[in-house]
Each structure stands twice: as structure tokens, then as C-alpha cells.
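Working notes, structure below.
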Number of protein chains: 2
Amino acid sequence: MLENKRKLILDGAASAFSMYGFKGTTMDKVAALAGVGKGTIYTTFKNKEDLFDAVLQQIISEMENIFFNCIVPEQSVSENLHSALYELLEFRKDHQVMMKLTNEVRMFGTDHSKRAMDKVEDAIIGCLEKQLIAALEQDKIYTSNPRIAAFLLYKQYMALVFDYEEKYGPLGKKAIAHLLDQHFMYALVHNKEM
Amino acid sequence: MLENKRKLILDGAASAFSMYGFKGTTMDKVAALAGVGKGTIYTTFKNKEDLFDAVLQQIISEMENIFFNCIVPEQSVSENLHSALYELLEFRKDHQVMMKLTNEVRMFGTDHSKRAMDKVEDAIIGCLEKQLIAALEQDKIYTSNPRIAAFLLYKQYMALVFDYEEKYGPLGKKAIAHLLDQHFMYALVHNKEM
DNA sequence: AAAATGACCAAAATGCTCATTTGGTCATTT
DNA sequence: AAATGACCAAATGAGCATTTTGGTCATTTT
């Protein structure tokens, strides 16, 4: 019944971290939410941070699946990238709790949990990079360094979704996609000098 | 002698805020560094935050001057934007203390001093926007919204200078300029559909 | 026997008190 | 009239008592 418990605990922990953040989540709460004894958690996970890592890893996997599923060879690069970004938007909406966590962890978290959150960022950038590389191999885009391009794409996306909203008010999904298309994708698709 | 004192105080305060940050700076230290009595500060500035504002405003003015001076009509838009970004890089180097302040204020500062730091950001974006508008009027670039373009340019620049360094190591000035040129400017200069 | 559990403990977090520091004032000095 | 620093109320932080919490392990359950 160990594997069954693992899922229970992981789900309880995900709820707890979502509701209370990292610091606000106690192992007692996780145990209660998961409906298991506190000691049981420690038969599967080394400690709180390990549990946190596992929850994030689960989110990362979900996300990578979603990303993977929107690469459609028949689609144009631009369309694929659009799909990917829409998925990123949807993902953010579903897991907007995770974004709160990002903030909290950066402010109060330990070094370890900071690194854990960075892994999420790296995973997203990695997904984007993968798509860019695929496009690159088909000569659909030009870039000397798909990793940097993915990094910039991600940062620009985050700036539009979060920073812009803070300063000038929220932007619709449509507007964000359009802005990225005009200001970032265009160069990728047309600039042969990269 | 009031105007003379004002400069003394402003310089002392600039040093103090640079050395100790906002919280770490006491009015006694400012008075000592400026070589004036503490009470004197309050004949010119309403309070600590007002003084902080004044110091930032001075930095903003310096920065705007530098920016203004690198708009050369004979130069191409791309060159002008390059100059502006190089100046921004130089500016950051000289006032890198200010960047520390940004962090500190965001973490521990009052709402007021946060807004004060935002003004610096807005000033930089404003400078970029001004240059973009000038270029737009000469039909040298295309963009439906120079404010957003300036915002994105700034964010991308900051991401390259700070976030990228944190993740993958520092980028040289040359590399940063090149990346911005390839990934951002290109669309501005070529994408007539904006 | 193997898995699950919750009472238990050391350590960390929190609340609280009180001495010190600090932003700001104002009577005095220059 | 301008400048000043002793002075004050409020904010801060060190130090301590109390509570909470991550993690363990002897006991119970299956």
C-alpha cells in the first residue's frame, strides 16, 4: 500500500503548499490533508524539502507533458510557439498558486527551496528551448543560441504577464501573444543573420 | 547659504544611501557626512523619504542628461539605440549601488520608497520611449505602441544583465548589445506589420 | 514481520519586555 | 534669519519565555 500512500501524501502536500505556502505548511497539516499519520510521510519522503521537491517535480512533469503534446509537426513554427505560449498561460492560470509560491520562496525560503523553484523556471525554459531547437532543425527559424532565445522568450513573457500588469494594468491573453509575436518571434522567423 | 547646504546634504545623503542602503542610513550619519547639523537637513527636506526622493531625482536627472546627449540625428536609429543602451550599461556600472538599493527597497522599504524606486525604472523606460518615438516619427522603426516597446526593451535588457548572469554567468557588454540587436531591434526596424 | 502511527523531543519560530536607537522638533546659539 | 544639537516620542532590536514544528521511534495495527 506504499505506492498508494505516496499519491495521497503528494496530493495532500500539493493542496497544503498551495493553500498555505511553503512556510505556512506544517507536516501535521499535510498529514491531516492526506489522511495519514505524520510518521507515514517520512517513510516515503526524507523531509519537508524533499516533499516540496516532489510536489514541484510533479508540476514540472505535468507541464512538460502539456508542452510536449502541443508540438505538432504539421503546424507552422509560429503556430507551435503560439500553442506553447497559450499552454503556458493556461498552466499559469491553473497553477497560479505556484506563482505565489515563487514569490514567497524568494522572500523567505531557504536556499534549497529557492533552487527547487529555479528548477521550475529551468524546466519551462527547457521546454521552450526544445521547441526552438526542433524549429531550428527544420530551418524554420534562425538563432545562434536557442538556449538564450528561450531564456529571453521566457523573460519577456513573464514581464508581460506580471510586471506589465503591475505598472499599467493587465493584458489579455490575445494581447500578450500578439506582442510576443510582433516583438520576439518576428526576428526569430525572419532574421537570417542570427 | 541655503543652496550651498542643499548640495552638501544631497551629496552626503547620496553617499550614505549608497553605503548603507535606505534603512541603514540614519539622519545622524547623513548630517555627519554632509558636515552639517541634523536639524539643518530638515530646513531643506521634509523628512527622510523626501531626502531619498531628492537623491533619486538627482540620479534620474543625470541619467536623462546622458540619454539626451546620445541622441544624434545624423546617427541611424539602431546606432542611437545602441548608444543609449551602452550608456545605460555605463550608468549601471557607476551607480550599481542604486541597483542594490532597488533590491533592498523592494524587500524592506516602505510603500513610499518602493514607489520612489519605481520612478527610476519609469524614467529609464521613459528615456527609451522618447528615443523610440523620435525614430518612429522619422519612419525609421515600426511599432504600434512605443511605450510597450520601451518597456519590453528595458525588461529584456535587465533580464540579460541580471537574471542571465545569475543563471549562466555574466555576459559582456558586446554580447548583450548583440543579443538585443538580434532579438529585439530587428523586429522594430523590419517588421512593418506592427 | 512489515507498515503505519502519534506521543515525544530538540530546535526553530513567535510573542513579549524593555533598553537602545532613530526620525523629527524646537529652544538656543551663531 | 539661519544653523544647530539636546531632547522626545516612536520605532527598533536584543534577550528571554513560550509555543510551534520538523523529525524520530517505541508502540500498535494489519
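We name chains A, B, ... by the order of the sequence lines, and we start the count at 1 in each one. Please read all numbers here as calculations on a predicted model, not as lab measurements.
- One can place CD of A:Glu49 at 13 Å from C1' of D:dG23, the figure rounded to the nearest angstrom.
- For C:dG24, the paired base is D:dC7 (Watson-Crick or G-U wobble, both distances below 3.5 Å).
- The separation between A:Asp28 atom CG and C:dA7 atom P is 10 Å, rounded to whole Å.
- A:Phe22 places its CZ atom 10 Å from the C1' atom of D:dG22, with the value rounded to the nearest Å.
- More than 12 heavy atoms of other residues, nucleotides or ligands lie within 6.0 Å of CD in A:Gln138, so this atom counts as buried by the packing criterion.
- If you measure from atom CD1 of A:Ile9 to atom P of C:dA3, you get 14 Å, rounded to the nearest angstrom.
- With respect to B:Asp118 and B:Lys114, no salt bridge is recorded, no charged nitrogen being found less than 4.0 Å from a carboxylate O.
- Pairing for C:dT29 is with D:dA2, a Watson-Crick or G-U wobble pair whose two hydrogen-bonding atom distances lie under 3.5 Å.
- In this structure, B:Phe45 places its CZ atom 18 Å from C1' of C:dT25, rounding to the nearest Å.
- Whole-Å rounding puts the A:Met27 CE to C:dA10 P distance at 20 Å.
- Among the nucleotides C:dG24, D:dG23, D:dA3, the one closest to the side chain of A:Tyr42 is D:dG23.
- No side-chain heavy atom of A:Lys155 sits less than 4.5 Å from a side-chain heavy atom of B:Gln156.
- Put simply, CZ on B:Arg6 is 17 Å from C1' on D:dA2, counting in whole angstrom units.
- A close approach under 4.0 Å does not occur between any side-chain nitrogen or oxygen of A:Thr43 and OP1 or OP2 of C:dA3.
- One interatomic measurement links the two molecules: CD1 of A:Ile41 to P of D:dC25, which rounds to 17 Å at whole-angstrom precision.
- Among the nucleotides D:dT4, D:dG22, D:dG13, the one closest to any side-chain atom of B:Lys23 is D:dG13.
- For A:Thr26, the listed nucleotide lying nearest its side chain is D:dT21; candidates were C:dG24, D:dT21, C:dT5.
- Within 6.0 Å of NZ on B:Lys29 lie more than 12 heavy atoms contributed by other residues, nucleotides or ligands.
- A donor N or O paired with an acceptor N or O is found under 3.5 Å between the base of C:dG24 and the side-chain atoms of B:Lys38.
- Dense packing is recorded around OH of B:Tyr168, with more than 12 heavy atoms of other residues, nucleotides or ligands lying under 6.0 Å away.
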